[in-house]
Amino acid sequence: MKLLSLLLIMYCGTLFSIGSSMPQQNPDSIIPIRGFCIASPQSKEIDAFIKFIDEELAPRSVNTLILRVDYNYQYKSHPELSDSVALSKKEVQKLVAVCKNNNIRIIPQVNLLGHQSWAGRIGNLLKVYPEFDETPKVKMPDKYVWPNADGLYCKSYCPLHPDVHKIVFDLIDEICDVFEAEAFHAGMDEVFYIGEAQCPRCSGRDKAELFAGEVRTIRDHLASKGRKLWIWGDRLIDGKTTGIGEWEASYNNTYRAVDMIPKDVIICDWHYERPDQTAVYFAMKGLGVVTCPWRNPESAVLQVRDMIKFRNSSTPEMKERFLGMVQTVWSGAGQFLDSYYGKRPESTVNTPVNCFKALFTEIQKPAETI
């Protein structure tokens with residue numbers, strides 16, 4: 001009996017020794033991109049947002065921050081496009097500094113092609129340059145409703161207008177320079193107006209080719225500066241064949257553009273109600289992809305597990321295209337922070353705050369348990 005006890009002690013000690021000597025796996029090898037996407041803060045919210053980066057994002061090993069800047073910056077190249085209250089260069093530099101200190105890269109976003117209006121309000125680009133409008137005959141309603149006779153969700157600019165890219169490229173270059181960014185997010189989601197019959201340049205053209213052409217144009221400009229392009233992936237999915245629908249996928253045939261765009265474009269694959277596994281589709285098309293939840297904690301956890309499974313069970317060629325996860329927030333930064341710190345009561349489980357916490361709790365589990 002004493003001999004058996006001694007053998008058990010020796011065996012357990014050997015297991016402990018082996019376990020304690022096993023190397024800790026780098027979280028970058030499990031989920032390489034661990035991202036957070038939100039609207040850039042207003043000037044009065046800068047200090048609170050910096051605190052959030054230091055105390056909440058960094059401890060969760062967030063390494064990528066996508067900031068939807070749009071016109072919330074005091075552009076020098078086109079001051080006519082800046083919001084009336086916009087971030088200064090000095091305020092942006094404060095954000096850059098705190099992210100550098102925490103090894104977080106910033107990817108600024110300006111919505112391009114689509115999302116040039118919202119509800120009954122036209123965005124700054126078409127307000128200042130109405131000649132860029134793909135559908136100038138569609139007037140903004142006093143009270144917006146969906147669906148509507150015009151099929152108006154958000155306006156688009158015309159990708160073939162001869163003057164639009166000079167303006168757009170100025171904005172891209174300036175915002176990437178001030179954020180010291182090696183990548184830029186162009187949005188390009190939910191593009192309902194493209195190749196419209198009323199447009200003298202786009203009428204009769206293939207919508208997929210128009211969409212792909214705009215992706216290539218933006219991508220090539222960024223590549224000339226050593227930068228990469230990120231876009232949302234919904235317009236590259238066939239909404240009818242998959243049954244995913246017209247919001248998280250395309251009903252207007254832009255989905256064929258997936259085979260026409262450069263393979264170094266990074267796809268942000270968003271699904272908010274179900275954990276649809278379209279990341280596999282993008283990876284099989286040769287594109288790098290991140291999965292993006294919003295407010296459903298249960299789906300977000302499943303999406304993390306799927307991403308880990310995809311990476312662990314793929315060929316080396318496919319594995320390198322499954323890049324990670326990005327939590328999205330579709331409110332202002334101030335509103336999110338108020339909810340996060342309990343200043344704004346939440347009445348349901350399905351919120352961006354709860355989704356964010358569940359997502360990064362799940363992301364941190366593998367590194368702790370391997």
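Atoms considered below: every heavy atom in the structure, side chains included; atoms not considered: hydrogens, waters and symmetry mates. Heads up: numbering here begins at 1 and tracks the sequence.
E196 and S203 are not linked by any side-chain donor-acceptor pair at a separation below 3.5 angstrom, with hydrogens and angles left out of the test. For the residue pair S77/E174, the side-chain donor-acceptor check at 3.5 Å is satisfied. Using a 3.5 Å distance cut-off with no hydrogens or angles, the side chains of S88 and Q74 do not pair a donor with an acceptor. Side-chain contact, N63 with N103: no donor N or O sits under 3.5 Å from an acceptor N or O. For the residue pair E131/H161, the side-chain donor-acceptor check at 3.5 Å is not satisfied. Using a 3.5 Å distance cut-off with no hydrogens or angles, the side chains of H271 and S299 do not pair a donor with an acceptor. Side-chain N/O atoms of H221 and D173 include a donor and acceptor closer than 3.5 Å.
Annotation: W270 is in aromatic contact with Y272 [ring centroid separation under 6.0 Å]. Aromatic pair F52/F36: centroids less than 6.0 angstrom apart.
Within the hydrophobic cluster formed by Ile, Leu, Val, Met, Phe, Trp and Tyr side chains joined at under 4.5 Å, directly or through other members, I66 is accompanied by I33, I107, W230, I266, V290, L323, V326.
Residues forming a salt bridge (charged side-chain N to carboxylate O under 4.0 Å, His left out) with R274 (at least two apart in sequence, or on another chain): D276.
The aromatic rings of Y153 and W247 sit perpendicular to each other, their planes meeting at more than 60°, with 30° as the lower class boundary. Ring geometry, H78 versus Y129: the interplanar angle exceeds 60°, so the pair is classed perpendicular (tilted spans 30 to 60°).
Between E320 and P32, every side-chain heavy-atom pair lies at or beyond the 4.5 Å cut-off. For the pair I237/E248, no side-chain contact is recorded, criterion being any heavy-atom separation below 4.5 Å from C-beta on. Counting heavy atoms from C-beta on, the side chains of M284 and V280 come closer than 4.5 Å. Contact of the P108 side chain with the Y73 side chain is not registered, since no non-hydrogen atoms from C-beta on lie closer than 4.5 Å. Within the 4.5 Å cutoff, the side chain of W330 has no heavy atoms near those of the P352 side chain. Between L95 and S40 the shortest side-chain heavy-atom distance does not fall below 4.5 Å. Within the 4.5 Å cutoff, side-chain heavy atoms of I218 are placed close to those of L112. L210 has its side chain out of reach of T254: every pair of non-hydrogen atoms, C-beta onward, lies at least 4.5 Å apart.
The pair K309-D306 counts as a salt bridge, with a side-chain nitrogen and a carboxylate oxygen less than 4.0 angstrom apart. Between R305 and E362, at least one side-chain N (NZ, or NE/NH1/NH2) sits under 4.0 Å from a carboxylate O, which counts as a salt bridge. Electrostatic pairing of D133 and K155 counts as a salt bridge here, judged by a charged N lying under 4.0 Å from a carboxylate O. Taking a cutoff of 4.0 Å between a charged side-chain nitrogen and a carboxylate oxygen, D259 and K285 qualify as a salt bridge. Comment: D150 does not engage K137 in a salt bridge, judged by the lack of any side-chain N to carboxylate O separation of less than 4.0 angstrom. Between R60 and E56, at least one side-chain nitrogen of the basic residue sits less than 4.0 Å from a carboxylate oxygen of the acidic one, meeting the salt-bridge criterion. Under 4.0 Å is where a charged nitrogen must lie from a carboxylate oxygen, and between D177 and K76 no such pair does. Between R256 and E209 no salt bridge is recorded (no basic side-chain N to carboxylate O distance below 4.0 Å).
In this structure a side-chain-to-backbone donor-acceptor pair under 3.5 Å is present from R311 to S29. With hydrogens and angles ignored, the 3.5 Å screen pairs no side-chain donor or acceptor of D234 with any backbone N or O of V191. Although no hydrogens or angles enter the test, the distance criterion places a donor-acceptor pair under 3.5 Å between the side chain of T351 and the main chain of N354.
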Q: Evaluate side-chain hydrogen bond (donor to acceptor under 3.5 Å, both in side chains) for T348 paired with N350, printing each intermediate quantity in order.
A: CA-CA 6 Å; T348 178; N350 287 341; 5.1 Å; no
Q: Might you work through the ring-ring contact (aromatic ring centres under 6.0 Å, His included) test for F282 and F322, ending with a clear yes or no?
A: CA-CA 9 Å; F282 287 115; F322 294 112; over 10 Å; no
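Crowding of K166 atom NZ: a count of heavy atoms from other residues, nucleotides or ligands under 6.0 Å not exceeding 12. For R205, the CZ atom sits in a loose shell: 12 or fewer heavy atoms of surrounding residues, nucleotides or ligands are nearer than 6.0 Å.
Of all heavy-atom pairs between R216 and P262, the closest is CG-CD, 3.6 Å. Considering all non-hydrogen atoms of both residues, Q303 and P275 come closest at CG-CB, 3.7 Å. The minimum heavy-atom distance between V329 and R68, with the atom names listed, is O-NH1, 2.8 Å. Here the closest heavy-atom approach between residue G187 and residue Q109 is recorded as CA-NE2, 3.9 Å.
Remark: K240 is positioned above the aromatic ring of Y251, its terminal NZ or CZ atom under 6.0 angstrom from the ring centre and at most 45 degrees off the axis. Under the 6.0 Å distance and 45° angle rule, K357 counts as a cation-pi partner of Y340. Both tests pass for K51 against the ring of Y341: distance under 6.0 Å to the centre and angle within 45° of the axis.
Checked options N111, V128, N124; the residue passing with Y71 is N124 (criterion: side chain to side chain contact (heavy atoms under 4.5 Å, CB included)).
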